[in-house]
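See structure below.
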There are 2 protein chains.
Amino acid sequence: MLRLTKKADYGLMALKYIAEHPEATALSAKDIAEAYHIPAQLLAKILQRLAKVGIVKSHAGMNGGYSLLKDPRKISAFEVIFAIDGPLFITSCFTHEGNCDLTNSCTIKEPLARVNETISSVLKNIHISDLVEEGRSRTVRELITIRATSGEKILQAT
Amino acid sequence: MLRLTKKADYGLMALKYIAEHPEATALSAKDIAEAYHIPAQLLAKILQRLAKVGIVKSHAGMNGGYSLLKDPRKISAFEVIFAIDGPLFITSCFTHEGNCDLTNSCTIKEPLARVNETISSVLKNIHISDLVEEGRSRTVRELITIRATSGEKILQAT
DNA sequence: CAAGTATACGACCGCTGGAGTCCGAATTCA
DNA sequence: TGAATTCGGACTCCAGCGGTCGTATACTTG
């Protein structure tokens, strides 16, 4: 019902991969792409965008590639997705300032904006350092249960 | 970054409208569409799908239309969106059973599935009765702050 | 310096899926 | 019977995603 673009997916995967290899000074887009079996050219464009935002640094030339510019614990999934896909909101007619062509008729927008904010905060609280850790330890199950109860708390507020 | 389809939007708006007019035995798709300035034919198809699932009842013939079949407090935004858009997940390669073509390479999927669950639970806890109320009273601001703190709780768990 | 490797970036394209339309049939009320 | 309405399939239109290509540029190494 809600879809994340493949580009954002690839971006997160690539960042995770780089974070997992701190010993390498730079990893080429080609190498990362081969590791995940995704098109190299596409991944390169994604990494370029991440470089523009300052999440990643690019090294041209031989033995070049990309390296993290920020602490993995400081890179949230939100900013990655934002950098790649741009600002898209859950409600179709929601701009940065929340304008709607039919302000009076779209009374649904307010509660949906709340949902939008919830999703944003969740994504902001997930960092690529989390992705690296979860690949090894099995804390995922616990987190899911925690997540479920917190969801109920939101309900009770209504 | 995450988009809800217009159809789902329209469906929620229509259900809210019907819930706001309990005195009417049946509201035609045309009437609802005109109230919100949305294409009537499209809304009709949306309501048909909601009728199939049992959320709404259809009355053919003159003075026909649609009426709620369930208590507005028992209709969650989740089931409405699910009925209209079908099962779409945040990760592109996530089926009902969670299969992925590259199981080993897509290590990102687990944490994203958690996000997916979070969104689901939030949507399950929003009912169209909430939409009706929020259109009048100003409880939205409070709810947003509550939501923000609960998001932080999810963070702390990591 | 020259060759080779990598990023940088814009142009391009196929295609899926969302948004919306059209039309004929069935149903019901006046 | 006729008007209003739902029902449902088929259809068009088009934006945007996913992906490719080609060229320019930057850097490293021999």
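Naming: A, B, ... by sequence-line order, numbering from 1 per chain.
The nucleotide whose nearest atom lies closest to any side-chain atom of P39(A) is, among dT5(D), dA8(C), dG19(D), dG19(D). Among the nucleotides dG18(C), dT5(D), dG8(D), the one closest to any side-chain atom of Q48(B) is dG8(D). The side chain of Y66(B) sits closest to dT6(D) out of dG18(D), dT7(C), dT6(D). For A60(A), the listed nucleotide lying nearest its side chain is dT7(C); candidates were dG20(C), dT7(C), dG19(D). Of all nucleotides listed (dC29(C), dG20(C), dC9(C)), dC29(C) comes nearest to the side chain of M62(B).
DNA chain D is contacted by both N63(A) and A8(A); A8(A) maps to the nucleotide lying nearer its 5′ end (nearest heavy atom per residue). Residue order along DNA chain D, read from the 5' end via each residue's closest nucleotide, puts Q41(A) first among Q41(A) and G61(A).
Within the 4.0 angstrom heavy-atom criterion, no nucleotide atom of any strand lies near A51(A). K45(A) comes within 4.0 angstrom of a base, heavy atoms only. The residue A26(A) sits apart from the nucleic acid: no heavy atom pair falls under 4.0 Å.
Atoms NZ (K57(B)) and P (dT28(C)) sit 10 Å apart, rounded to a whole Å. The distance from atom CG of L4(A) to atom P of dC17(D) is 11 Å, rounded to the nearest whole Å. For L43(B) and dA19(C), the CG to C1' distance is 13 Å, given to the nearest whole Å. In this structure, K52(A) atom NZ and dA8(C) atom P are separated by 10 Å, rounded to whole Å. Distance NE2 (H37(A)) to P (dG18(D)): 20 Å, rounded to an integer number of Å. Atom pair L27(B):CG and dT6(D):C1' shows a separation of 14 Å (rounding to whole Å applied). Atom CG of D85(B) is separated from atom P of dG18(C) by 7 Å (rounded to the nearest Å). The distance between atom NE2 of H59(A) and atom C1' of dT29(D), rounded to the nearest whole Å, is 18 Å.
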Task: Residues I55(B), L69(B); criterion side chain to side chain contact (heavy atoms under 4.5 Å, CB included); working and verdict - done: CA-CA 5 Å; I55(B) 296 176; L69(B) 202 57; over 6 Å; no
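Aromatic ring pairs are classed by plane angle as parallel below 30°, tilted from 30° to 60° and perpendicular above 60°; the pair Y17(A) and H21(A) is tilted.
Surrounding NZ of K30(B) are at most 12 heavy atoms belonging to other residues, nucleotides or ligands under 6.0 Å away.
Heavy atoms only, all atoms of each residue included: L4(A) and A8(A) are closest at CG-CB, 4.0 Å. The two residues A40(B) and A29(B) make their nearest non-hydrogen contact at O-CB, 4.4 Å.
Distances shorter than 4.0 Å separate some side-chain N or O of S58(A) from OP1 or OP2 on dA8(C). For dG18(C), the OP1/OP2 oxygens have no side-chain nitrogen or oxygen of Y10(B) closer than 4.0 Å.
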